[in-house]
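Shown next, in structure tokens, is the structure this report addresses.
What's counted below: heavy atoms across the whole structure, side chains too, no hydrogens, waters or symmetry copies. Chain letters run A, B, ... following the sequence lines, proteins first, then strands; residues in each count from 1.
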Amino acid sequence: MKAFSYHRASGLEAARQQAATTDAAILAGGTTLLDLAKCEVARPEQVIDITRLPGLDEITVDAQGLRLGALARMARVAEDAAVRTAFPAVAQALSLSASAQIRNMATIGGNLLQRTRCAYFRDPASFPACNRRTPGSGCAALDGITTNHALLGTSEACIATYPGDLAVALVALDAIIHLGERQVAATDFFLLPGTTPEREFALAPGEIITAVTLPASRAARRSTYLKLRDRASYEFATVSVAAGLELDAECRVATLRVALGGVATIPWRARAVEAALTGREPTPEAVREACLLAMQGATPRPDNRHKLELAPRLVARAIETLLWEERA
Amino acid sequence: MPSVTTLLTLSINGQDHVFEAEGRTTLLDALREQLHLTGTKKGCDQGQCGACTVHLDGERVLSCLTLACQAEGRAVTTIEGLAGPDGALHAVQTAFLEEDAFQCGFCTPGQIMSAVACIREGHAGSEAEIREYMAGNLCRCGAYPHIVAAVRRAAEGLA
Amino acid sequence: MTPLDPTPRRGDAGDGLGARLPRIDGRAKVRGAASYALDHPVEGVAHAVIVQSTIPAGRVRTIDTRAASAAPGVLLVLTPDSTPPLRAASTWTGEAPTQPEYRPLEHTIRYTGQQIAAVVAETLEQATEAAALLRVAYDREPAVAGMDDPAAGEGNPLPPLAIERGDAALAFAGAPVRLTAEYRTPREYQMPIEPHGLIARWEGDALTIWEHSQWLDGMARTYAEWFGIPFEKVRLISPYIGGGFGSKALALAHGALAALAARQLGRPVKLALTRPQTFTAFGGRAATRQVLELGATAEGRLLAIRQRGCNETSVDGVWIEPLSSVTALMYDLPNFSSQQHLVPVNTVLPFAKRAPGENPSAFGLECAMDELAYAVGVDPLALRLRNHAERDPQSGKPWSTRRLREAFAAGAEAFGWARRRMAPGSLREGRLLIGWGMAAGTYPVRRSPGEAMVRVLADGTVEVASSTSDMGTGAYTILAQTAAAVFSVPLAQVRVRLGDSSLPRAPVTGGSQMAGLMTGAVDKAARAAREELIGLALTDPRSPLRGVANTLAVEHGHLVPPRGEAPPLPIGALLTALGRDRIEALRDTLSENGLTPEDRYRAFTTVSSMRPPTDGDYSMHSWCAHFVEVAVDEALRSIRLRRIVTAFDAGRLYNPKLAESQIKGGIIMGIGQALLEGGMIDPRQARVLNNNLADYLLPTNADVPSIEVISVGEPDPHASALGGKGVGELGIVGVAPAIANAVFHATGKRVRELPITMADLV
């Protein structure tokens, strides 16, 4: 790890100014930053610790919705009774993330800014080619082992998977990311790699996530997060699904929200599935057919074809679970 | 040159320790290399094994992904601080002994610190819950079933 | 026993062998007070960090050290150009070196992750940063990434491993039932939670090394030979080891570098490998591949097995993962043919991981037996009983003890195997497909000599000392129990010192031989000390018991006249009366192993004295039977274990509590092997991509179901002095095939390559 100077931010504005320089990094939970610094992927000269800034860790649930301060710890949000009732997908996504220790450390804002687990990205000494790390250097993953790489939202420049859980729930439930005054829809916050994979988030230099809000809705209240992985715990998702459902008086689908994790370069909103079921009666056949659209447009690679099969099935499982709950 | 050290005061196991640290020095390396509190172990240094688990203000965290500077003004508890001042073992330590919840013993300090927190958090209600909430502490000797038994036993004793 | 006499009688387990006692080293471990290699405080220590190659083959052309050397705190940069050669050491098998020199850093690159440089600095942070500043230029050459690389070819035949028994080709051709299948296992890594590292300190020409060690004497010899100093000038200290599983038996290149740097700097050096570096700084289990052809009668009686296998080795070394080790002896098999090739690839030389050979051998055979069971429509357990071998079919010798039938019976009963329905997919619970699978396992009894000192002190306590090591096996405890039994004292009165090369000698803690040989050595030394005590008590003029009786017994730490001629005398009181502060006896078991005192050094510092399981009149092995239940989500294909029952025969258990822990540990490592673990090798760089514990998946607590283990063993008088057979490696053998067979029973899908993941079941 390269040496850096440690600064405890005196205020949000000061932190923004300090963070605006190219060689500065914001430290919140530290679980991503220190990990990447040890891999030599992050090489900050200055680290700005914002964890002691007051007023940024509140969790508020009211009739309008949910507001999560950017510095709220994952564990606290996951355990919050009101969040669990009104936004179960959010609480479940957090509970299924990482480990109890990391959930005590990591913050909501920091969690969203996780970087990919692409092995080629994380090993600059062995694999100099990485467009995400060094624009224009190439992509070592394209011809490498791609079991954990993305099928959706990929480009010639990058096929790295977005690894997080929370963001998948946020994208499904139409969250808003607050960057101080500026607000960005969660669906717009995560950037497709395209030709500029180095730009991962809609975040200008010096901008700091201050809060995340989610509008209250029946689909949010009737939501779930499912995570599929080979290891029973403490593993990134092979496939994950966040889904929210609202039925109308005739038991047709009034609202459906579906997003996928583990299969795309960003938390992936599966709008084709939503559209196929909205307004329809969710018969088993209809659900199955709609879920087949989850991976529409996917580009599988030799090592990750199984996700083409598993993702639609997990979406179906999520919708079935919500239907079962709704009818119960 | 940013490689300057600052004088840091950390409260560890109820005692203040003053030492020179760099900004990048992790709490784990500070404990082990500077303060000679070597009960806390380095198993991966990447947040992937749980061997370095300590408590920060009573909550379990990974000391390998915590900067020493971040711990300033907060209460750090390590395995050395768990037993009573008279050397009496904590209920979780006793339960680990009785249930043979370790073999080589290397992951044990982290397991025990994690278990103490797991019980305090209210996550020791069933075997399944203990397994999930202790999943962040790897044990290569495979003492897991005995760790679960020890956490149950200690949780019942502390209840 | 009455309430007035709470002390156990001799012959009871009490605190002696066979008692179910907690670890005597446990208190130190739960307090964080057990001192592992890198925990030792050493004044003025400098920190070393290793740099590994990023290419698989070629040469280091140059290493630009300027930025690193100029970085703050840097004391020394070692590169192939700047590092003096050491003397070559003989091998662990006892062969003389073929070259005069040993270079821990070389220009020639044979695998990705080979160490090519080291940086030493005042602090760990400084050394780490400076190591990343080295600029290495390579001349790259073509490489072979693994045995499936088209460039790897067939490999080289290994004639000594070939077995031809009967006429397997003919018998197979004529067999009414024939099946052929290929089974594969990937590179697997030991991954103890304590990463490798050491502290080296020179005082004059004496070298002290604090390093985790499964073999104090073997590693001390290597360091002595490397640096051209007498064995006695090296002191290796390793009281606690954070897990080994085969990976901590040898002195390794980074150890040489740390000692070299310490000598060059004139100050102690601490070197810790990073977790990713532990994937290539030493060898894990070799990847294997085997084709099995089974010929059987319509009733499932085996007629022939033909085995054609290979394992990976390095381009410059030989590692054999013997694939026939279980195949050759598990069943009554008249015709057997086995051949094995070694495929050189650009990897670090593979090495031992828990049950090398037996483990992949059993994976192939025990999956194939399940396939045969389905081919002939016979219950898998019944099929195994039908093919039970009454004697070792390979050596022709009788088994010393083989309670495999009892293990099958006890395991099946506890599991409820009789209720199993044969058809795959016949058990389900809602969305879950339930599968029941079973497999057998075995591990040979290996024997080497041991040596121990037992001391009785004037305060009545007993000390045991040996250089053998306890990496979680329970050595401290069972050796204390051994001495406690001889003197009939409580365990609390016994102190055990292990893990220091200055203590009496011991061979490698590997091959599951430690408990058997060391209890034998400690028992011998303790009896010798006891005899001396009794002799002094009967004859020494200062003894209160002189002339009282012709013999004395030792009970509850007292010398007891047999017919109550005098009150029992505490051992400590006798020593005080004699004016002695101790009685001690140093004994070895060289002669029991057909060796002489002249063989002592070689016997303990190489494995040349290790006796195979068929040395003597018997064939000696431990046995086990695993029964597992898996649940596979019908749609999502995720595999979770629900319960495991294992019955095993490891002879007499010196401490059942600890032996059961070790068996469970083996089973859990087997769960990882079956469902999670496998090196992912980049085909271009031959690099282990998942070289960390988030991507190389060890089982977590959440992956492990309830596990019941049942000992069906009885003392084996041929296997060891006190009747035990090997425990440490047995538990893992057969777990992966039992799980694979259960997955087949659940899903109807036969997966013949490990690990078995969701991707395999889609």
Requested in this report: Evaluate the criterion side-chain contact (heavy atoms from CB on, under 4.5 Å) for residue pair A/Leu113 and A/Phe201; output intermediate values, then yes/no.
Outcome: CA-CA 8 Å; A/Leu113 300 179; A/Phe201 310 103; 3.7 Å; yes
Query raised in the report: What do the steps show when you test A/Leu170 against A/Phe190 for side-chain contact (heavy atoms from CB on, under 4.5 Å), and what is the final call?
Result: CA-CA 11 Å; A/Leu170 298 189; A/Phe190 301 93; over 6 Å; no
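For the pair A/Asp23 and A/Pro44, the minimum side-chain heavy-atom distance is 4.5 Å or more. Counting only heavy atoms from C-beta outward, the side chains of A/Arg73 and A/Asp57 never approach each other to under 4.5 Å. Side-chain contact check for A/Ile208 versus A/Ile50: some heavy-atom pair is nearer than 4.5 Å. Residues A/His149 and A/Cys118 form a side-chain contact, since some pair of their non-hydrogen atoms from C-beta on lies under 4.5 Å apart. Here the side chains of B/Val61 and A/Gln101 are not in contact, with every heavy-atom distance at 4.5 Å or above.
Between the side chain of A/Thr107 and the backbone N or O of A/Ala72 there is no donor-acceptor pair closer than 3.5 Å. Checking side-chain atoms of B/Glu72 against main-chain N and O of B/Leu10 turns up no donor-acceptor pair under 3.5 Å. Using modelled atom types, no side-chain atom of A/Gln92 and backbone atom of A/Ala89 make a donor-acceptor pair closer than 3.5 Å.
In summary, A/Glu235 and A/Lys227 do not engage in a salt bridge, as defined by a charged side-chain N under 4.0 Å from a carboxylate O. A salt bridge between A/Glu40 and A/Arg43 is present, with a side-chain N of the basic residue lying under 4.0 Å from a carboxylate O of the acidic one.
Using a 4.5 Å cut-off between heavy atoms, A/Ala37 makes no contact with chain B at all. With a threshold of 4.5 angstrom between heavy atoms, A/Leu33 does not approach chain B through any atom at all. With a 4.5 Å cut-off on non-hydrogen atoms, A/Gln46 does not touch chain B at all. Contact annotation for A/Asp35: both backbone and side-chain heavy atoms come within less than 4.5 Å of a heavy atom of chain B.
Of all residues in residues 98-137 of chain B, those placing a non-hydrogen atom less than 4.5 angstrom from a non-hydrogen atom of chain A are B/Ser114, B/Glu121, B/His123, B/Glu132, B/Tyr133, B/Ala135, B/Gly136, B/Asn137. Residues of residues 39-60 of chain B lying under 4.5 angstrom from chain A, judged on non-hydrogen atoms, are B/Asp45, B/Gln46, B/Gly47, B/Gln48, B/Cys49, B/Gly50, B/Thr53, B/Glu59, B/Arg60 by number.
Contact count against chain B (heavy-atom pairs under 4.5 Å) is highest for A/Ala100 among A/Ser95, A/Ala232, A/Ala100. Options B/Thr66, B/Leu62, B/Thr26, B/Leu138 differ in how many heavy-atom pairs under 4.5 Å they form with chain A, and the most are formed by B/Leu62.
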